[in-house]
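Worksheet: the structure to be examined is printed underneath.
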Amino acid sequence: MTLPMDFSPEVSEARKAGRAIVALESTIITHGMPFPQNVETAREVEAVIREAGATPATIAVLDGRLKIGLTEGELDDLAQRDGVAKLSRADFAACIARGGDGATTVAATMIAAQLAGISVFATGGIGGAHKGAETSFDISADLQELAQTSVTVVAAGAKAILDIPKTLEVLETLGVPVITFGQNTLPAFWSSMSDMVSPLRLDTAKDIAEAHTMRGAMGLKGGQLVCNPIPVADEIAVEILAPILEQAQREANEKEVLAKDVTPFLLQRIFELTDGASLRANIALVKNNARLASEIANCLIDAR
Ligand code: PSU
Ligand code: MN
């Protein structure tokens, strides 16, 4: 059986020319941001990657085909469609087999990137251990994926809606390198700083690329999580955010929101409660991550 995988014309050309490619997820488009900011952001993020001399590959499942890179029309269509599935490792294959449509989370995007030979992936935030995980067992499949799929993922830290200490403990258990770019303190998505020291710190894209390559040389399975702090000018102060996160979490508990619906519910409520400020910060940090991911991808090409 052959995998129904299509490369967009732009990604196809980049592969032939041996140019750097950066993977992008699509759940952030369908479940992470409202229309039309979702499609505008997706286009801007792709533009940032092109400006940095790399090629963007936004990943999704359309009509049962795994798309590595979306055309402008496909991106527009995905951003406005209702009822697109949110795909992780568990439901990825069934969606393709049934001929369905789906947006890829961090976990599914890593799987697709590896299948397509792409080593670097930029996103906003990864999934992790949710608050109350000790009773709900809600720990994102993104963490397991980082432990087994060899893609370097650039994010702005774990979302502050998560239990960051628990998320770090799980990543440590799984042997996933958590590398903060250019500072000792772990960033917290909407804020450039948290109160936690990062397990690892690297200061250049080249160092991150070399660590990725060294893992390969050592035969170590799994990816690297690069935490790139949101630019200070774009951050939301912890004091402003903390009560809002608490309220959103309380509402999720009261409404008994479960499983896959938790992250989209929290993001939507935080967007409403911050009058859109959370979205502006989210857009800024994704672009910032796309820039660093492009530099890392370029270093991996240079080193070949
Ligand atoms: N971060 C965002 N927006 C998002 C997500 C993360 O700012 O939409 C998505 C990513 O696709 C991530 C997923 O992989 O949420 C995690 O979902 P869960 O917690 O259900 O595993
Ligand atoms: Mn979950």
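It should be emphasised that the depicted structure is a prediction, and the values quoted were computed from it without experimental measurement. Counting starts at 1 for both ligands and their atoms, following the listed order. Basis for what follows: all heavy atoms, side chains included, without hydrogens, waters or symmetry-related copies.
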Test of understanding: with side chain to side chain contact (heavy atoms under 4.5 Å, CB included), list the residues that count as partners of Asp261, not counting sequence neighbours.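 Asp261 satisfies side chain to side chain contact (heavy atoms under 4.5 Å, CB included) with Val257 only.
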Are there more than 12 heavy atoms of other residues, nucleotides or ligands under 6.0 Å from atom [atom1] of [X]?
X      : atom1 : answer
Lys206 : NZ    : no
Glu272 : CD    : yes
Gln247 : CD    : yes
Glu134 : CD    : yes

What protein N/O/S atoms are found closer than 2.8 Å to the Mn ion (ligand 2)? Asp138 OD1
Identify whether the distance between the nearest side-chain nitrogen and carboxylate oxygen of [X] and [Y] falls below 4.0 Å.
X      : Y      : answer
Glu295 : Arg291 : no
Lys260 : Asp91  : yes
Arg81  : Asp101 : yes

Suppose we screen for side-chain hydrogen bond (donor to acceptor under 3.5 Å, both in side chains). Which residues come up paired with Gln183, at least two apart in sequence or across chains?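 For Gln183, no residue satisfies side-chain hydrogen bond (donor to acceptor under 3.5 Å, both in side chains) once neighbours in sequence are set aside.
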So if I only count non-hydrogen atoms and take anything under 4.0 Å from ligand 1, which residues does that give, chain by chain? Glu25, Thr27, Ile28, Gly32, Lys86, Thr105, Val106, Gly125, Gly127, His130, Ser140, Asp142, Lys159, Phe189, Thr263, Leu267, Asn282
